[in-house]
There are 2 protein chains.
Amino acid sequence: MSEAEPTKGHRPGARERNRAEVMAQIMTAGRRALAEHGADGLSLRAVAREVGMVSSAVYRYVASRDELLTLLIIESYDAVGAVAERAAAGGGSAVQRFVAVAMAVRDWGRAHPHEYALLHGSPVPGYRAPDDTITAGTRVPAALIGLLVEEYAAGRLSVPVASEGPPVSEELSRQCDSVRDFFGSDLPDELVLRGVSAWTHVYGLISFELFGQFRNSFEPADDLLELQFERIAAHLGVQS
Amino acid sequence: MSEAEPTKGHRPGARERNRAEVMAQIMTAGRRALAEHGADGLSLRAVAREVGMVSSAVYRYVASRDELLTLLIIESYDAVGAVAERAAAGGGSAVQRFVAVAMAVRDWGRAHPHEYALLHGSPVPGYRAPDDTITAGTRVPAALIGLLVEEYAAGRLSVPVASEGPPVSEELSRQCDSVRDFFGSDLPDELVLRGVSAWTHVYGLISFELFGQFRNSFEPADDLLELQFERIAAHLGVQS
DNA sequence: GACTGATTGCGAACAGTGCTCTCGGATGTG
DNA sequence: CACATCCGAGAGCACTGTTCGCAATCAGTC
């Protein structure tokens, strides 16, 4: 943190170094407030107080409360994405790593319930416009589907015969294309669909636990989640 | 609405009839505000204005903004529950009815995104204490699992052999008991688990669509959801 | 029918919020 | 040094949830 080198042609300068530092303080204060009081309780004035500024001064750094929230959302997406990727890169079979990713996301959610809720709950439909957030949100599913891509490329995954239900429509197949493009893979439709299915299922389970929907039934949900994750993973590698 | 009969020993009386009416107005205004501006935008003062009272007067009917929200939550749970039950009572095979319930919930969510988000997103951990809400929230899953119970009782469902994953722990089995108690059924663990799995999966898919997580990939999600619902339902009646 | 007590709406008030604007002082650049 | 930019402070506006006291209105009793 001392004597930063001039990487970008012009050296930092005391001014913008200070600016970056204040910005970091604001983010830190915001992060804490978010974790403690939730998105609703995130008050720009409180953040300003914690940083030691007057409220209006914060607007020199952040355009609005919503923008601060957006920044925090991106940060959270990144954090959980990193956790998921680390789990995906761990050892063991693909099934084991899949379960590891699911568990990692779950653990992150339990440790940061407000952030998780902000990412995956309360959409305020049509609000979360900024594309930054949606690209930032791809890391977790990418880690999961990435496992499939990897296994398929290694020939360790047999393409399951299209099971029950209606046939894959043209539109759906085209949507699968976009997934394939993203990974630069030729994962067949069936496997893409299974991947999406797995991720949505995992998400549903984690959210149910975090949002208290298992109260009075499956609480604590540890055993249930472990079992379900395991089965979802196994279902991916089905040999039928 | 005229000359109400005295069902409870003492007749309504102009006063409490009026009170009920004002209360209904408050709920209506609240419902509309919630649907239009979301939970965050639900302002007690705005509700008061719409009803034609001053803000403090509303407190004669509702203890706080949170209580009004809670009442609206319960109402919404009831609404979506009724929709689900109607779909479950429709014609067709169990698989068809399962898909119908899933689609009905999805449609309701698309029609009432803010309410859906309030029910299934943003938990504010530890906040939604009132037990009224969690019992009110059982109707949809009850409709789904109810289909299983029904089919099982009719002998149209073979118990799948415990598939992959760890064995069902004692605790998990005990939790399944509570589900069985609720339905007064002897649905075996395996089927209870499949039911929970199906419901969480459906919930995950619907939420993903409503919360915009399919943006840039599976949008519109109609085909995906239909296919997935169909497969989930088929998976329930597996004969293995 | 007058009296009493609860019910109910109103208005003012307090503390808090997001956000805008203006105004100095500090900082960097020519 | 002079000029331009930045950046924090402060006041202010419109809004929120919530509390409190006051006055009117209604229900039931002597």
Side-chain angles (χ1 to χ4, degrees), chain A residues 4 6 8-30 32-34 36-73 114 118 122 124 127, chain B residues 4 6 8-27 29-30 32-34 36-73 114 118 124 127:
Chain A
K8 256 304 178 30
H10 71 110
R11 56 181 110 202
R15 199 157 201 167
E16 63 185 278
R17 192 166 60 237
N18 194 272
R19 182 177 178 83
E21 199 168 314
V22 172
M23 186 65 194
Q25 283 181 35
I26 290 176
M27 289 293 286
T28 301
R32 181 150 58 204
L34 174 60
E36 200 159 336
H37 305 99
D40 283 6
L42 178 68
S43 152
L44 245 161
R45 286 184 120 110
V47 167
R49 268 193 303 271
E50 184 157 331
V51 178
M53 297 198 297
V54 85
S55 75
S56 62
V58 187
Y59 285 85
R60 299 277 181 209
Y61 297 84
V62 156
S64 68
R65 197 195 88 115
D66 266 16
E67 187 180 298
L68 178 56
L69 255 179
T70 301
L71 292 176
L72 291 169
I73 287 177
H114 282 115
L118 191 54
S122 54
V124 195
Y127 146 75
Chain B
K8 255 307 180 24
H10 72 110
R11 56 180 113 202
R15 198 158 201 166
E16 61 186 280
R17 193 166 58 236
N18 194 273
R19 181 177 180 84
E21 199 169 313
V22 173
M23 186 65 193
Q25 283 180 33
I26 290 176
M27 289 294 286
R32 180 151 58 203
L34 174 59
E36 200 160 336
H37 305 99
D40 283 7
L42 179 68
S43 154
L44 244 164
R45 287 185 119 108
V47 167
R49 267 193 303 270
E50 185 158 332
V51 177
M53 298 198 296
V54 85
S55 75
S56 62
V58 188
Y59 284 85
R60 300 277 181 209
Y61 296 85
V62 156
S64 68
R65 196 195 87 115
D66 266 16
E67 187 180 298
L68 177 55
L69 255 179
T70 302
L71 292 176
L72 290 169
I73 288 177
H114 283 116
L118 189 55
V124 195
Y127 146 76

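By convention in this document, chain letters (A, B, ...) are assigned in the order of the sequence lines, proteins followed by strands, and residues within each chain are numbered from 1.
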| Separation of B:M23 atom CE from C:dT8 atom C1', in whole Å? | 15 Å

| message | Once you apply a heavy-atom cut-off of 4.0 Å, does A:L68 come out as touching a base, just sugar-phosphate, or nothing? | response | nothing

| query | How about A:V51 and A:V58: do any of their side-chain heavy atoms sit closer than 4.5 Å? | reply | no

| said: Just the rounded figure in Å: distance from P of C:dT7 to CZ of B:R19. | reply: 9 Å

| query | What is the distance, rounded to the nearest whole Å, between atom CG of A:D40 and atom P of D:dG17? | reply | 12 Å

| query | What is the nucleic acid contact for A:R65, judged by heavy atoms within less than 4.0 Å: base, sugar-phosphate only, or nothing? | reply | sugar-phosphate

| query | Given the rule in the side-chain contact (heavy atoms from CB on, under 4.5 Å) test, do A:M23 and A:L71 qualify, once you have shown the distances and angles that lead to the verdict? | reply | CA-CA 11 Å; A:M23 186 65 194; A:L71 292 176; 3.7 Å; yes

| Can you find a donor-acceptor N/O pair under 3.5 angstrom joining the side chain of B:S43 to the base of D:dG17? | no

| Between C1' of D:dG8 and OH of A:Y61, the distance in whole Å | 8 Å

| field | Whole angstrom value for the distance that separates P of D:dC15 from NE2 of B:H37 | value | 13 Å

| task | Check whether any side-chain N or O of A:R49 sits under 4.0 Å from OP1 or OP2 of C:dG16, and answer yes or no. | result | no

| request: Take atom CG of A:L44 and atom P of D:dG8, then tell me their distance rounded to the nearest Å. | output: 14 Å

| message | Ignoring hydrogens and geometry beyond distance, is the side chain of A:R45 in donor-acceptor contact with the base of C:dG16 at under 3.5 Å? | response | no

| said: If you assign each of B:S64 and A:A57 to its closest nucleotide in DNA chain D, which residue comes earlier from the 5' end? | reply: A:A57

| Result of checking A:H114, A:R65, A:H37 against A:L42 for side-chain contact (heavy atoms from CB on, under 4.5 Å) | A:R65

| remark: Here the distance between atom P of D:dC6 and atom OH of A:Y59, to the nearest Å, is 20 Å

| task | Report the distance from atom CE of B:M53 to atom P of D:dT18, rounded to the nearest whole Å. | result | 15 Å

| task | For A:S55, answer base if it contacts any base atom (sugar-phosphate contacts may also be present), sugar-phosphate if it contacts only those atoms, and nothing otherwise; contact means non-hydrogen atoms under 4.0 Å. | result | base

| When we call it a touch if two heavy atoms are under 4.0 Å apart, what does A:R60 touch: a base, just sugar-phosphate, or nothing? | base

| query | Side-chain contact, heavy-atom cut-off 4.5 Å: A:M53 with A:V22? | reply | yes

| request: Can you tell me which residue pairs pass the side-chain hydrogen bond (donor to acceptor under 3.5 Å, both in side chains) test with a partner in residues 47-57 of chain A, sequence neighbours excluded? | output: A:R32-A:E50

